[in-house]
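Each remark here refers to the structure printed beneath this line.
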Amino acid sequence: MSPQAQDQAQSLVQSVDWLAIAPPTIAAVVALAVLVADLFVDGRKKALLGWVSVAGLALAALALLPLLDGDRSTFCLTGDADVCSYTADRFTLVIQFLVLGGALLAALLSMTTLKDADTNAGKDADKALPEGEFWFLLLSSAAGAALLPASRDLATLIVALEVASLPAFALVGIKHGDRKSSEAALKFFLSSVTATAVSLMGVSFVYASTGTLYLTEIATRIEDVDPQLHTLAQAGVVLTLVGFAFKTAAVPFHFWVPDTYVGAPLPVAAYLSVVGKAVGFSGLILVTVIALPSYGDVWGPALAALAALTMTVGNVGALRQRATRAYSAVRLLAWSSVGQAGYLLVPIAAAAYSEDAQKAIGSTVAYALMYAAVNLGAFAVAALVARTKPLNRLSDYRGLYASRPLAALVLGFFLLCLAGLPPGIIGLFAKVTVFSAAVEAGLGWLAVVMAVNVVIALFYYLQWTALLFRAPEGEPESHRVPAPLTVAIALTAVLGVALSGAPQLVLRFSDTGLF
């Protein structure tokens, strides 16, 4: 082998920092362990798989602690230690904490759902949810979601996106013989595959224009791209964003959301609403702010328009939900999540115009942390109500305070957080932060659109909150709440109250350290 060939081969050898990659690796290893253990565990002891999964996610989250002392990178080219595929910086750790924490809370909700499904199935084993497969899919998706914010090249980014997405398709359609579940999974799958195909075409255009897949290298080379390839590069920028826009449920890539949330088990819907969004937004941030800052004149206006359209369509869709319609509570949360995605897009769009892009991105991360805590809490209470009223209509929540006062108070608090009203101070704080990012970037028109949408959202959030404290129809029912569900509701409530008491912690925690 010639010396030149040896140098080229050596440059492909990458170092591995096992501590840096521990969080997603632990989730993946536990997923495989659960899948194998499912073959040998007796049917009456399947609940142990759930506890092992919860412990695995908790361990993966704890693995973030040793990484707090400084940035770490791995899978780096030996010829250039600054060019790496995996970086565990502050941004990565914050998003991984959000992802693994969200997956942990979804796992706690799932334990109750799986047990109820098994009980209701009785002797008909086909109607029970397959526990081993469920936990394997959830953990696999969480591993991919934890990998994505650390990815620093487009190939790893797309692979992580698909590892997070593919198990989610199966989770949505895991209810055997349920037509709504199968339809939701098919719609979710087909739309996601289309978005991914478009994104891959965009990645290929960017690679053809720059000759590299590493984000930092793309940022440098795309500024001096050959004029003949300028249009190709612009098309690549736009097409690359499509896959991540789909994951964030940005309009017009949102149409899968309501049916998917209704057809999926409630914990899976909760997981998609938080972890799915974290995956999409972290991918958008990495592609736009890290890889393509010089093309802010392309993606900035596009994301600003998407933000305005997404928040408007989402809030109007939530406003149109009828209280007596089946699954109207879940549909309202689905449309609400689309509206919230619009708010989350605002600071990313502002980063294209702002002199301090890191501060703008920090606003998105801060809002995402708030949204994750309170939205998972709202889904947890919805899962509690669904145990006795499976159609989960908004009218089913009337008089909830009479039968379950703590659950009603907690849900009311979560809804006020989402609306941005006291005592949900953290929701108000997060919205002001996002609003400020738009104003400081000179996007006054987008700030006005956001203000109008916040007012629209107040109506349906307050309408649902008021229902909780109205006189109940008939005698109030009370049932024992399973321990995992109680823990999930309590954790989200404590987190929401703590952050409302000290909202500055979120902004401090959201200092991304991307630059």
Requested in this report: Quick one: closest heavy-atom pair of Lys277 and Ser337, and the distance?
Outcome: CE-O, 3.0 Å
Report task. Using a 4.5 Å cut-off on heavy atoms from C-beta on, say whether the side chain of Phe189 contacts that of Val172. Result -> no
Query - Under 3.5 Å donor-acceptor, Ser500 side chain and Gly496 backbone - result: yes
Query raised in the report: Donor-acceptor pair, Trp299 side chain versus Leu292 backbone, under 3.5 Å?
Result: yes
Query raised in the report: In Å and rounded to the nearest 0.5 Å, what is the CG to OG1 distance from Asp396 to Thr324?
Result: 10.0 Å
**Report entry** Spacing of CG belonging to Leu411 relative to CG belonging to Leu384, to within rounding of 0.5 Å
**Finding:** 10.0 Å
Query raised in the report: Is any side-chain heavy atom of Val410 less than 4.5 Å from a side-chain heavy atom of Phe414?
Result: yes
Report task. Could you give me the CA-CA distance, side-chain angles and deciding distance for Leu462 and Leu416, then say whether side chain to side chain contact (heavy atoms under 4.5 Å, CB included) is met? Result -> CA-CA 7 Å; Leu462 290 177; Leu416 291 176; 3.8 Å; yes
**Report entry** pair Phe134-Val268: side-chain heavy atoms closer than 4.5 Å
**Finding:** yes
Query - Least distance between heavy atoms, Phe413 atom then Pro423 atom - result: CE1-O, 3.6 Å
Report task. Using the test side-chain hydrogen bond (donor to acceptor under 3.5 Å, both in side chains), find all partners of Ser273 that sit at least two apart in sequence or belong to another chain. Result -> Asn375
Report task. Give the minimum heavy-atom separation between Gly296 and Pro301, together with the two atoms involved. Result -> O-CD, 3.5 Å
Query raised in the report: What residues, two or more places apart in sequence or in another chain, satisfy salt bridge (charged side-chain N to carboxylate O under 4.0 Å, His left out) together with Glu162?
Result: none
Query raised in the report: Do the non-hydrogen side-chain atoms of Tyr397 and Lys389 ever get within less than 4.5 Å of each other?
Result: no
Requested in this report: Using the side chain to side chain donor-acceptor pair (under 3.5 Å) rule, collect all pairs that involve residues 237-249, keeping only residues at least two apart or in two chains.
Outcome: Ser165-Lys247
**Report entry** Atom OH of Tyr353: over 12 foreign heavy atoms under 6.0 Å
**Finding:** yes
Query - Heavy-atom closest contact (Thr112 atom, Pro484 atom, distance) - result: OG1-CB, 4.0 Å
Query - Shortest non-hydrogen separation from Ser151 to Leu215 and the atoms involved - result: O-CD1, 4.0 Å
Report task. Output yes when a side-chain donor or acceptor of Ser141 lies under 3.5 Å from a complementary backbone atom of Leu138, and no otherwise. Result -> no
Report summary line: With sequence neighbours left out, the residues meeting side-chain hydrogen bond (donor to acceptor under 3.5 Å, both in side chains) with Ser336 are Tyr461
Report task. Could you grab the distance from atom CD1 of Ile426 to atom OG1 of Thr433, nearest 0.5 Å is fine? Result -> 8.0 Å
Query - Distance (rounded to the nearest 0.5 Å) between Phe244 CZ and Ile158 CD1 - result: 4.5 Å
Query raised in the report: How long is the gap from CG on Leu369 to CG on Leu98, to the nearest 0.5 Å?
Result: 5.0 Å
Query raised in the report: When the ring planes of Phe169 and Phe188 are compared, do they come out parallel, tilted or perpendicular, using 30° and 60° as the limits?
Result: perpendicular
**Report entry** Test log, rule side chain to side chain contact (heavy atoms under 4.5 Å, CB included), inputs Gln340 and Leu418
**Finding:** CA-CA 8 Å; Gln340 300 288 341; Leu418 290 170; 3.9 Å; yes
Query - Non-hydrogen side-chain atoms of Val346 and Tyr367 separated by less than 4.5 Å - result: no
Report summary line: Interatomic distance, NE2@His254 vs OG@Ser191, rounded to 0.5 Å, equals 11.5 Å
Query - Steps toward side chain to side chain contact (heavy atoms under 4.5 Å, CB included) verdict (Leu154, Leu157) - result: CA-CA 5 Å; Leu154 288 176; Leu157 206 61; 4.2 Å; yes
Query - Val487 side chain near Leu491 side chain, heavy-atom distance below 4.5 Å - result: yes
Query raised in the report: Can you name the residues that form a salt bridge (charged side-chain N to carboxylate O under 4.0 Å, His left out) with Lys431, not counting sequence neighbours?
Result: none
Report task. Applying salt bridge (charged side-chain N to carboxylate O under 4.0 Å, His left out), name anything that partners Arg387, two or more places apart in sequence or on another chain. Result -> Asp116
Requested in this report: Could you tell me whether a side-chain N or O of Thr310 sits under 3.5 Å from a main-chain N or O of Val251, the two making a donor and an acceptor?
Outcome: yes
Query raised in the report: Do the side chain of Thr92 and the main chain of Thr87 share a donor and acceptor less than 3.5 angstrom apart?
Result: yes
Query raised in the report: Have Tyr271 and Ser110 got a donor and an acceptor in their side chains that come within less than 3.5 Å?
Result: no
Query raised in the report: So do Val262 and Glu183 actually touch side chain to side chain, heavy atoms under 4.5 Å?
Result: no
Query raised in the report: Does Pro149 offer a backbone N or O that forms a donor-acceptor pair with the side chain of Arg152 under 3.5 Å?
Result: yes
Query raised in the report: Where do Asp259 and Arg331 land on the side chain to side chain contact (heavy atoms under 4.5 Å, CB included) test, with the steps shown first?
Result: CA-CA 8 Å; Asp259 289 343; Arg331 286 186 177 276; 3.3 Å; yes
Query raised in the report: If every non-hydrogen atom of Gly300 is compared with every non-hydrogen atom of Ala349, which pair is closest and at what distance?
Result: O-CB, 3.9 Å
Report task. With the side chain counted from C-beta on, respond yes when Arg320 and Tyr460 share a heavy-atom pair under 4.5 Å apart, and no when they do not. Result -> no
